[in-house]
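Read through the structure below, which is laid out as structure tokens, and then see the notes.
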Amino acid sequence: IYTVNKIVDELLKVLGKESKSAIEWFEINYMIVNPDKFKAMILSCDKKENIFEWNINDSIIRYRNW
């Protein structure tokens, strides 16, 4: 799943929505989803390193900007 946005909160909203759609697709097709194995990366020009958390299906995904 890929998206572009200058506002991190908006980025997270889109990623959350798209991730839920993907998870629903996997479940409809009888596939097992393991959010504990999900990874995320934010590419940014910001020199300051930030660590973010994102909750998906009751699993916390931690990621940082690069």
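Count residues from 1 along the sequence. Atoms considered below: every heavy atom in the structure, side chains included; atoms not considered: hydrogens, waters and symmetry mates.
Grouped by direct or indirect side-chain proximity (heavy atoms under 4.5 Å, Ile/Leu/Val/Met/Phe/Trp/Tyr only), V4 sits with Y2.
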List the atom pairs, donor and acceptor, that lie under 3.5 Å between side-chain atoms in residues 6-20 and the rest of the protein, sequence neighbours left out.
unit_1: S19; atom_1: OG; unit_2: L15; atom_2: O; d: 2.7

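Residue M31 is grouped with residue I1 when hydrophobic side chains (ILVMFWY) are merged at heavy-atom distances under 4.5 angstrom, including chains of intermediate members.
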